[in-house]
Amino acid sequence: MHNITLINGDGIGPEISDSVVKIIKASGLDINWDIQSAGADVIEKEGTPLPQRVLDSIKKNRVALKAPVTTPIGKGFRSVNVQLRKSLNLYANVRPCKNLPGIVTRFDSVNLVIVRENTEDLYAGVEEKIDENTAHSIKIITRQASERICRFAFEYALKNNRHEVCAVSKANIMKLSDGLFLESYRNVAKDYPQIKQKEILVDNLCMQLVQNPEKFDVLVLPNLYGDIVSDLAAGLIGGLGVAQGANIGDDCAVFEPVHGSAPDIKGQNKANPTALLLSAVEMLRYIEEYSYADKIEKALFKTLTQGYKTFDLGGELSTTEFRDKIIENLV
Ligand code: NAI
(Lines give C-alpha, C1' and ligand atoms only; values in the text may rest on other atoms or scores of the structure.)
Protein backbone atom coordinates (compact mmCIF):
# COMPACT_ATOMS: atom_id res chain seq x y z
CA MET A 1 0.00 0.00 0.00
CA HIS A 2 1.34 3.43 -0.94
CA ASN A 3 1.05 6.46 1.35
CA ILE A 4 0.55 9.56 -0.78
CA THR A 5 -0.21 13.13 0.23
CA LEU A 6 -3.29 14.62 -1.42
CA ILE A 7 -3.73 18.38 -1.48
CA ASN A 8 -7.25 18.71 -2.78
CA GLY A 9 -6.99 22.48 -3.27
CA ASP A 10 -9.82 24.94 -3.69
CA GLY A 11 -12.01 26.21 -6.53
CA ILE A 12 -12.48 23.17 -8.80
CA GLY A 13 -9.75 21.31 -6.85
CA PRO A 14 -12.02 19.22 -4.59
CA GLU A 15 -14.27 18.21 -7.53
CA ILE A 16 -11.47 17.00 -9.78
CA SER A 17 -9.47 15.36 -7.00
CA ASP A 18 -12.53 13.46 -5.84
CA SER A 19 -12.95 12.09 -9.39
CA VAL A 20 -9.29 11.14 -9.72
CA VAL A 21 -9.22 9.37 -6.34
CA LYS A 22 -12.34 7.38 -7.34
CA ILE A 23 -10.85 6.42 -10.73
CA ILE A 24 -7.61 5.22 -9.11
CA LYS A 25 -9.58 3.23 -6.52
CA ALA A 26 -11.70 1.67 -9.27
CA SER A 27 -8.52 0.60 -11.07
CA GLY A 28 -7.79 -1.69 -8.11
CA LEU A 29 -4.76 0.14 -6.76
CA ASP A 30 -4.83 0.67 -3.02
CA ILE A 31 -3.56 4.06 -1.93
CA ASN A 32 -3.65 5.49 1.55
CA TRP A 33 -4.32 9.18 0.84
CA ASP A 34 -3.04 11.58 3.47
CA ILE A 35 -5.40 14.49 2.77
CA GLN A 36 -3.90 17.90 3.55
CA SER A 37 -5.76 21.17 3.05
CA ALA A 38 -3.93 24.36 2.09
CA GLY A 39 -4.73 27.84 0.76
CA ALA A 40 -7.09 30.64 1.74
CA ASP A 41 -9.51 28.34 3.58
CA VAL A 42 -6.97 27.29 6.24
CA ILE A 43 -5.55 30.76 7.01
CA GLU A 44 -8.17 31.66 9.59
CA LYS A 45 -7.60 28.50 11.65
CA GLU A 46 -3.88 28.01 11.16
CA GLY A 47 -2.55 31.50 10.39
CA THR A 48 -0.86 30.48 7.14
CA PRO A 49 -2.02 29.16 3.75
CA LEU A 50 0.75 26.53 3.79
CA PRO A 51 0.94 24.95 7.28
CA GLN A 52 4.07 22.99 8.21
CA ARG A 53 1.94 19.79 8.45
CA VAL A 54 1.52 19.88 4.63
CA LEU A 55 5.28 20.04 4.06
CA ASP A 56 5.90 17.37 6.73
CA SER A 57 3.39 15.04 5.09
CA ILE A 58 5.04 15.39 1.67
CA LYS A 59 8.52 14.97 3.15
CA LYS A 60 7.35 11.79 4.88
CA ASN A 61 5.51 10.29 1.92
CA ARG A 62 7.91 11.70 -0.72
CA VAL A 63 5.07 11.91 -3.25
CA ALA A 64 2.01 14.15 -3.48
CA LEU A 65 -0.88 14.74 -5.83
CA LYS A 66 -1.96 18.34 -5.79
CA ALA A 67 -5.08 20.06 -7.10
CA PRO A 68 -4.89 23.82 -7.75
CA VAL A 69 -4.88 26.43 -5.00
CA THR A 70 -6.02 30.03 -5.52
CA THR A 71 -3.53 32.89 -5.17
CA PRO A 72 -4.92 36.37 -4.59
CA ILE A 73 -3.85 38.83 -7.30
CA GLY A 74 -1.92 41.99 -6.38
CA LYS A 75 -2.31 41.57 -2.59
CA GLY A 76 -2.80 38.97 0.14
CA PHE A 77 -0.65 35.91 0.80
CA ARG A 78 2.21 34.62 -1.29
CA SER A 79 1.40 31.79 -3.69
CA VAL A 80 1.13 28.43 -1.92
CA ASN A 81 2.36 26.84 -5.14
CA VAL A 82 5.53 28.92 -5.30
CA GLN A 83 6.17 28.42 -1.55
CA LEU A 84 5.67 24.68 -1.81
CA ARG A 85 8.07 24.34 -4.72
CA LYS A 86 10.69 26.46 -2.95
CA SER A 87 10.34 24.86 0.49
CA LEU A 88 10.69 21.31 -0.85
CA ASN A 89 13.29 22.31 -3.44
CA LEU A 90 11.15 20.92 -6.26
CA TYR A 91 13.40 22.53 -8.80
CA ALA A 92 12.10 20.96 -12.01
CA ASN A 93 8.64 21.57 -13.34
CA VAL A 94 7.99 19.03 -16.07
CA ARG A 95 5.05 19.52 -18.40
CA PRO A 96 4.67 17.01 -21.22
CA CYS A 97 2.42 18.31 -23.97
CA LYS A 98 1.19 15.78 -26.49
CA ASN A 99 -1.94 15.46 -28.64
CA LEU A 100 -4.52 13.24 -26.99
CA PRO A 101 -6.66 10.71 -28.86
CA GLY A 102 -10.16 11.99 -29.64
CA ILE A 103 -9.31 15.66 -29.10
CA VAL A 104 -9.18 17.48 -32.41
CA THR A 105 -7.02 20.60 -32.44
CA ARG A 106 -5.32 22.68 -35.13
CA PHE A 107 -2.28 20.40 -34.94
CA ASP A 108 -2.01 16.65 -34.72
CA SER A 109 1.67 16.06 -34.09
CA VAL A 110 2.46 18.03 -30.95
CA ASN A 111 4.80 16.04 -28.73
CA LEU A 112 6.99 18.30 -26.65
CA VAL A 113 8.06 18.58 -23.03
CA ILE A 114 8.51 21.79 -21.11
CA VAL A 115 11.15 21.69 -18.38
CA ARG A 116 10.74 24.84 -16.33
CA GLU A 117 13.11 26.02 -13.59
CA ASN A 118 10.96 26.20 -10.50
CA THR A 119 12.82 28.02 -7.73
CA GLU A 120 14.10 31.40 -8.86
CA ASP A 121 13.83 34.04 -11.62
CA LEU A 122 11.14 36.70 -11.12
CA TYR A 123 9.21 34.17 -9.00
CA ALA A 124 11.73 34.43 -6.17
CA GLY A 125 9.31 37.01 -4.74
CA VAL A 126 11.94 39.72 -4.24
CA GLU A 127 9.90 42.85 -4.78
CA GLU A 128 9.97 46.34 -3.36
CA LYS A 129 7.93 49.45 -3.69
CA ILE A 130 10.34 52.31 -4.38
CA ASP A 131 7.71 55.01 -4.15
CA GLU A 132 4.03 55.27 -4.89
CA ASN A 133 4.66 55.17 -8.64
CA THR A 134 7.53 52.72 -8.88
CA ALA A 135 7.91 49.04 -8.00
CA HIS A 136 10.84 46.71 -8.56
CA SER A 137 10.81 42.92 -9.01
CA ILE A 138 14.23 41.35 -8.98
CA LYS A 139 15.03 38.62 -11.49
CA ILE A 140 17.36 36.14 -9.83
CA ILE A 141 19.26 33.68 -11.99
CA THR A 142 22.08 31.58 -10.52
CA ARG A 143 24.57 29.29 -12.23
CA GLN A 144 23.80 26.53 -9.73
CA ALA A 145 20.03 26.46 -10.40
CA SER A 146 20.46 26.99 -14.15
CA GLU A 147 22.97 24.16 -14.55
CA ARG A 148 20.81 21.92 -12.36
CA ILE A 149 17.69 22.43 -14.50
CA CYS A 150 19.61 22.08 -17.77
CA ARG A 151 21.18 18.84 -16.56
CA PHE A 152 17.73 17.62 -15.52
CA ALA A 153 16.44 18.40 -19.04
CA PHE A 154 19.27 16.50 -20.74
CA GLU A 155 18.90 13.54 -18.38
CA TYR A 156 15.14 13.56 -19.00
CA ALA A 157 15.81 13.54 -22.75
CA LEU A 158 18.13 10.55 -22.42
CA LYS A 159 15.75 8.56 -20.22
CA ASN A 160 12.71 9.29 -22.36
CA ASN A 161 14.25 8.73 -25.75
CA ARG A 162 14.09 12.38 -26.75
CA HIS A 163 16.50 13.79 -29.30
CA GLU A 164 16.86 17.51 -28.68
CA VAL A 165 17.00 19.96 -25.77
CA CYS A 166 16.36 23.57 -26.73
CA ALA A 167 17.29 26.42 -24.35
CA VAL A 168 14.82 29.29 -24.25
CA SER A 169 15.86 32.77 -23.13
CA LYS A 170 15.80 36.47 -23.86
CA ALA A 171 19.56 36.74 -23.55
CA ASN A 172 19.77 39.38 -26.28
CA ILE A 173 18.11 41.86 -23.89
CA MET A 174 18.80 40.45 -20.40
CA LYS A 175 22.44 39.84 -21.18
CA LEU A 176 23.50 39.17 -17.59
CA SER A 177 20.65 37.10 -16.14
CA ASP A 178 19.40 35.21 -19.21
CA GLY A 179 22.98 35.31 -20.47
CA LEU A 180 24.00 33.29 -17.40
CA PHE A 181 21.16 30.81 -18.01
CA LEU A 182 22.35 30.30 -21.58
CA GLU A 183 25.99 29.99 -20.53
CA SER A 184 24.94 27.33 -17.99
CA TYR A 185 23.02 25.46 -20.71
CA ARG A 186 26.09 25.48 -22.96
CA ASN A 187 28.32 24.19 -20.15
CA VAL A 188 25.97 21.31 -19.34
CA ALA A 189 25.29 20.51 -23.00
CA LYS A 190 28.97 19.59 -23.47
CA ASP A 191 28.28 16.44 -21.41
CA TYR A 192 25.50 15.31 -23.76
CA PRO A 193 26.91 15.18 -27.29
CA GLN A 194 24.34 12.51 -28.23
CA ILE A 195 21.45 14.98 -27.71
CA LYS A 196 20.86 17.72 -30.29
CA GLN A 197 21.25 21.25 -28.96
CA LYS A 198 19.32 24.36 -29.94
CA GLU A 199 18.85 27.89 -28.59
CA ILE A 200 15.90 30.15 -29.22
CA LEU A 201 14.62 33.52 -28.00
CA VAL A 202 11.31 33.23 -26.17
CA ASP A 203 9.38 35.58 -28.47
CA ASN A 204 10.47 33.67 -31.56
CA LEU A 205 9.58 30.41 -29.77
CA CYS A 206 6.00 31.62 -29.17
CA MET A 207 5.56 32.49 -32.84
CA GLN A 208 7.01 29.17 -33.99
CA LEU A 209 4.97 27.15 -31.48
CA VAL A 210 1.70 28.43 -32.92
CA GLN A 211 2.90 27.75 -36.48
CA ASN A 212 4.99 24.59 -36.30
CA PRO A 213 4.81 23.03 -32.82
CA GLU A 214 5.99 19.67 -34.17
CA LYS A 215 9.47 21.17 -34.58
CA PHE A 216 10.07 21.12 -30.81
CA ASP A 217 11.10 18.30 -28.50
CA VAL A 218 12.38 19.18 -24.97
CA LEU A 219 12.38 22.87 -24.04
CA VAL A 220 14.29 24.12 -20.99
CA LEU A 221 13.29 27.54 -19.65
CA PRO A 222 13.73 29.89 -16.69
CA ASN A 223 10.70 30.08 -14.41
CA LEU A 224 8.60 32.92 -15.87
CA TYR A 225 8.96 31.98 -19.56
CA GLY A 226 8.27 28.37 -18.58
CA ASP A 227 5.03 29.34 -16.87
CA ILE A 228 3.76 31.38 -19.81
CA VAL A 229 4.87 29.01 -22.57
CA SER A 230 3.23 26.09 -20.68
CA ASP A 231 -0.18 27.69 -21.03
CA LEU A 232 0.47 28.37 -24.71
CA ALA A 233 1.49 24.75 -25.20
CA ALA A 234 -1.63 23.59 -23.32
CA GLY A 235 -3.68 25.51 -25.88
CA LEU A 236 -2.07 23.50 -28.69
CA ILE A 237 -3.45 20.20 -27.38
CA GLY A 238 -6.95 21.19 -26.26
CA GLY A 239 -6.56 23.66 -23.42
CA LEU A 240 -5.82 23.77 -19.73
CA GLY A 241 -8.28 20.98 -18.92
CA VAL A 242 -5.89 18.40 -20.39
CA ALA A 243 -2.42 19.76 -19.52
CA GLN A 244 -0.54 17.71 -16.94
CA GLY A 245 2.52 18.56 -14.85
CA ALA A 246 4.94 17.50 -12.16
CA ASN A 247 7.31 19.28 -9.76
CA ILE A 248 10.34 17.13 -9.16
CA GLY A 249 13.15 17.48 -6.64
CA ASP A 250 15.89 15.16 -5.45
CA ASP A 251 13.90 14.01 -2.39
CA CYS A 252 10.24 14.28 -3.35
CA ALA A 253 7.80 15.06 -6.14
CA VAL A 254 4.45 16.84 -6.37
CA PHE A 255 2.24 16.06 -9.34
CA GLU A 256 -0.26 18.73 -10.37
CA PRO A 257 -2.00 20.02 -13.48
CA VAL A 258 -0.89 23.19 -15.28
CA HIS A 259 -4.25 24.88 -14.70
CA GLY A 260 -5.42 26.94 -11.74
CA SER A 261 -8.48 26.75 -9.52
CA ALA A 262 -10.87 27.99 -12.25
CA PRO A 263 -13.13 30.01 -9.92
CA ASP A 264 -15.43 30.78 -12.88
CA ILE A 265 -16.68 27.16 -12.95
CA LYS A 266 -16.22 26.22 -9.29
CA GLY A 267 -18.92 24.00 -7.76
CA GLN A 268 -20.72 23.48 -11.10
CA ASN A 269 -19.60 19.88 -11.74
CA LYS A 270 -18.20 21.13 -15.05
CA ALA A 271 -14.43 20.91 -14.62
CA ASN A 272 -12.38 18.53 -16.72
CA PRO A 273 -10.49 16.10 -14.45
CA THR A 274 -8.20 14.98 -17.32
CA ALA A 275 -5.21 17.21 -16.46
CA LEU A 276 -5.17 16.03 -12.85
CA LEU A 277 -5.76 12.44 -13.93
CA LEU A 278 -2.83 12.53 -16.38
CA SER A 279 -0.68 14.08 -13.64
CA ALA A 280 -1.74 11.18 -11.39
CA VAL A 281 -0.85 8.68 -14.14
CA GLU A 282 2.67 10.13 -14.24
CA MET A 283 2.75 9.94 -10.45
CA LEU A 284 1.93 6.22 -10.62
CA ARG A 285 4.82 5.76 -13.06
CA TYR A 286 7.05 7.67 -10.63
CA ILE A 287 6.17 5.18 -7.88
CA GLU A 288 6.67 2.36 -10.41
CA GLU A 289 3.03 1.27 -10.58
CA TYR A 290 3.33 0.99 -14.36
CA SER A 291 0.47 -1.43 -15.00
CA TYR A 292 -2.07 0.71 -13.13
CA ALA A 293 -0.77 3.83 -14.86
CA ASP A 294 -1.20 2.18 -18.27
CA LYS A 295 -4.63 0.83 -17.35
CA ILE A 296 -5.96 4.24 -16.28
CA GLU A 297 -4.41 6.05 -19.25
CA LYS A 298 -5.91 3.50 -21.63
CA ALA A 299 -9.36 3.97 -20.08
CA LEU A 300 -9.07 7.75 -20.39
CA PHE A 301 -7.96 7.56 -24.03
CA LYS A 302 -10.75 5.11 -24.86
CA THR A 303 -13.31 7.42 -23.24
CA LEU A 304 -12.07 10.42 -25.24
CA THR A 305 -11.95 8.39 -28.46
CA GLN A 306 -15.58 7.32 -27.88
CA GLY A 307 -16.40 11.04 -28.04
CA TYR A 308 -17.18 11.56 -24.35
CA LYS A 309 -15.98 14.99 -23.29
CA THR A 310 -16.48 17.68 -20.70
CA PHE A 311 -17.71 21.19 -21.56
CA ASP A 312 -14.28 22.77 -22.06
CA LEU A 313 -13.66 20.36 -24.96
CA GLY A 314 -17.04 21.03 -26.57
CA GLY A 315 -18.66 17.99 -24.93
CA GLU A 316 -21.72 17.74 -22.72
CA LEU A 317 -20.58 15.55 -19.84
CA SER A 318 -20.27 16.77 -16.28
CA THR A 319 -17.16 16.01 -14.24
CA THR A 320 -18.83 13.06 -12.54
CA GLU A 321 -20.41 11.66 -15.75
CA PHE A 322 -17.02 11.79 -17.46
CA ARG A 323 -15.42 10.13 -14.43
CA ASP A 324 -17.98 7.31 -14.57
CA LYS A 325 -17.32 6.71 -18.28
CA ILE A 326 -13.61 6.35 -17.52
CA ILE A 327 -14.39 3.92 -14.71
CA GLU A 328 -16.59 1.87 -17.10
CA ASN A 329 -13.64 1.66 -19.51
CA LEU A 330 -11.17 0.34 -16.93
CA VAL A 331 -10.33 -3.20 -17.97
P1 NAI B 1 -7.20 28.90 -14.44
O2 NAI B 1 -6.25 27.91 -15.01
O3 NAI B 1 -7.78 28.59 -13.14
O4 NAI B 1 -8.41 29.13 -15.48
C5 NAI B 1 -8.23 29.66 -16.79
C6 NAI B 1 -9.41 29.23 -17.66
O7 NAI B 1 -9.33 27.83 -17.95
C8 NAI B 1 -10.77 29.44 -16.97
O9 NAI B 1 -11.71 29.84 -17.93
C10 NAI B 1 -11.11 28.07 -16.43
O11 NAI B 1 -12.49 27.82 -16.32
C12 NAI B 1 -10.47 27.15 -17.47
N13 NAI B 1 -10.05 25.88 -16.85
C14 NAI B 1 -8.95 25.69 -16.07
N15 NAI B 1 -8.90 24.42 -15.67
C16 NAI B 1 -9.96 23.79 -16.19
C17 NAI B 1 -10.46 22.46 -16.11
N18 NAI B 1 -9.84 21.50 -15.42
N19 NAI B 1 -11.61 22.17 -16.76
C20 NAI B 1 -12.26 23.08 -17.47
N21 NAI B 1 -11.83 24.37 -17.60
C22 NAI B 1 -10.71 24.72 -16.95
O23 NAI B 1 -6.41 30.29 -14.42
P24 NAI B 1 -6.77 31.65 -13.66
O25 NAI B 1 -8.21 31.93 -13.77
O26 NAI B 1 -5.78 32.59 -14.21
O27 NAI B 1 -6.39 31.37 -12.16
C28 NAI B 1 -7.32 31.09 -11.13
C29 NAI B 1 -6.56 30.89 -9.83
O30 NAI B 1 -5.77 29.71 -9.88
C31 NAI B 1 -5.61 32.04 -9.47
O32 NAI B 1 -5.75 32.32 -8.10
C33 NAI B 1 -4.23 31.48 -9.76
O34 NAI B 1 -3.24 32.07 -8.98
C35 NAI B 1 -4.45 30.02 -9.41
N36 NAI B 1 -3.50 29.11 -10.06
C37 NAI B 1 -3.08 28.04 -9.33
C38 NAI B 1 -2.23 27.13 -9.89
C39 NAI B 1 -1.82 25.97 -9.05
O40 NAI B 1 -2.39 25.72 -8.01
N41 NAI B 1 -0.83 25.21 -9.48
C42 NAI B 1 -1.73 27.27 -11.26
C43 NAI B 1 -2.27 28.40 -11.97
C44 NAI B 1 -3.13 29.29 -11.37
Side-chain angles (χ1 to χ4, degrees), residues 4 12 15-29 31 65-68 94-114 156 159-162 213-214 216-218 230-246 253 255-259 262 269-331:
I4 296 180
I12 58 169
E15 301 164 55
I16 54 174
S17 40
D18 181 65
S19 286
V20 168
V21 165
K22 290 199 165 107
I23 293 167
I24 294 177
K25 190 170 171 48
S27 78
L29 181 63
I31 289 181
L65 182 65
K66 179 183 162 297
V94 184
R95 295 175 161 181
C97 185
K98 190 176 172 186
N99 283 111
L100 296 173
I103 300 181
V104 181
T105 61
R106 288 189 179 81
F107 305 100
D108 56 13
S109 48
V110 181
N111 184 5
L112 57 90
V113 180
I114 291 172
Y156 181 95
K159 278 190 207 115
N160 293 278
N161 207 16
R162 297 267 171 180
E214 68 285 347
F216 296 95
D217 193 344
V218 176
S230 297
D231 272 36
L232 187 159
L236 299 173
I237 57 160
L240 285 167
V242 299
Q244 59 170 305
F255 292 79
E256 64 173 342
V258 172
H259 67 72
N269 198 16
K270 260 174 118 171
N272 188 348
T274 300
L276 185 65
L277 185 61
L278 284 171
S279 308
V281 164
E282 275 319 303
M283 179 192 77
L284 296 184
R285 295 199 170 113
Y286 182 84
I287 59 169
E288 301 185 344
E289 288 289 0
Y290 300 106
S291 62
Y292 288 103
D294 291 349
K295 183 175 175 180
I296 293 168
E297 189 178 64
K298 229 170 103 192
L300 168 69
F301 289 173
K302 185 167 173 198
T303 308
L304 291 169
T305 311
Q306 288 168 332
Y308 295 118
K309 293 184 183 83
T310 43
F311 295 89
D312 55 312
L313 296 175
E316 289 175 353
L317 263 53
S318 66
T319 311
T320 45
E321 286 166 338
F322 185 66
R323 172 200 73 196
D324 291 343
K325 291 290 173 199
I326 297 172
I327 291 175
E328 276 171 32
N329 281 328
L330 282 167
V331 280

If I take atom CG from residue Leu330 and atom NZ from residue Lys302, how far apart are they, to the nearest 0.5 angstrom? 10.0 Å
Option among Val281, Leu65, Val94, Ile4 that satisfies the side-chain contact (heavy atoms from CB on, under 4.5 Å) test with Phe255: Leu65
Nearest 0.5 Å, please: how far is CG in Leu317 from OG1 in Thr303? 9.5 Å
Return yes if some donor-acceptor pair links the side-chain N/O of Asn99 with the main-chain N/O of Val110 below 3.5 Å, else return no. yes
Taking C-beta and beyond as the side chain, do Leu277 and Ile326 meet within less than 4.5 Å on heavy atoms? yes
Heavy-atom side-chain contact between Arg162 and Asn111 under 4.5 Å: yes
Minimum heavy-atom separation for Pro257 and Pro68, please, with both atom names. CG-CD, 4.4 Å
Heavy atoms of Thr105 and Ile237 approach each other most closely as CG2-C, 3.5 Å
Is the closest side-chain heavy-atom distance between Asn269 and Phe311 below 4.5 Å? no
Tell me the closest heavy-atom pair linking Pro213 and Leu236, and the distance in Å. CB-CD1, 3.7 Å
Heavy atoms, side chains only, cut-off 4.5 Å: are Leu278 and Leu100 in contact? yes
Considering all heavy atoms, the nearest Ile16-Ala271 contact: CG2-CB, 3.8 Å
Do the side chain of Lys325 and the main chain of Tyr308 share a donor and acceptor less than 3.5 angstrom apart? no
Minimum heavy-atom distance between Ala293 and Leu284, given as atom pair plus value: CB-CB, 3.9 Å
NE2 (His259) and CG (Asn272) are apart, to the nearest 0.5 Å, by 7.5 Å
If we ignore hydrogens and angles and just use 3.5 Å, is the side chain of Glu15 paired with the main-chain N or O of Ile12 as donor and acceptor? no
Roughly how far apart are Asn329 CG and Asp324 CG, rounded to 0.5 Å? 11.5 Å
Heavy-atom closest pair (Cys97 atom, Ala234 atom, distance to 0.1 Å) is SG-N, 4.2 Å
Mind checking the CD1-CD spacing from Ile24 to Glu289? Nearest 0.5 Å is all I need. 10.5 Å
Would you compute the distance between atom CD of Glu297 and atom CZ of Arg285 and round it to the nearest 0.5 angstrom? 4.5 Å
Answer yes or no: is there a donor N or O on one side and an acceptor on the other, between the side chain of Lys22 and the main chain of Ile327, under 3.5 Å? no
So, Lys298 and Asp294, do they make that salt bridge, N to O below 4.0 Å? no
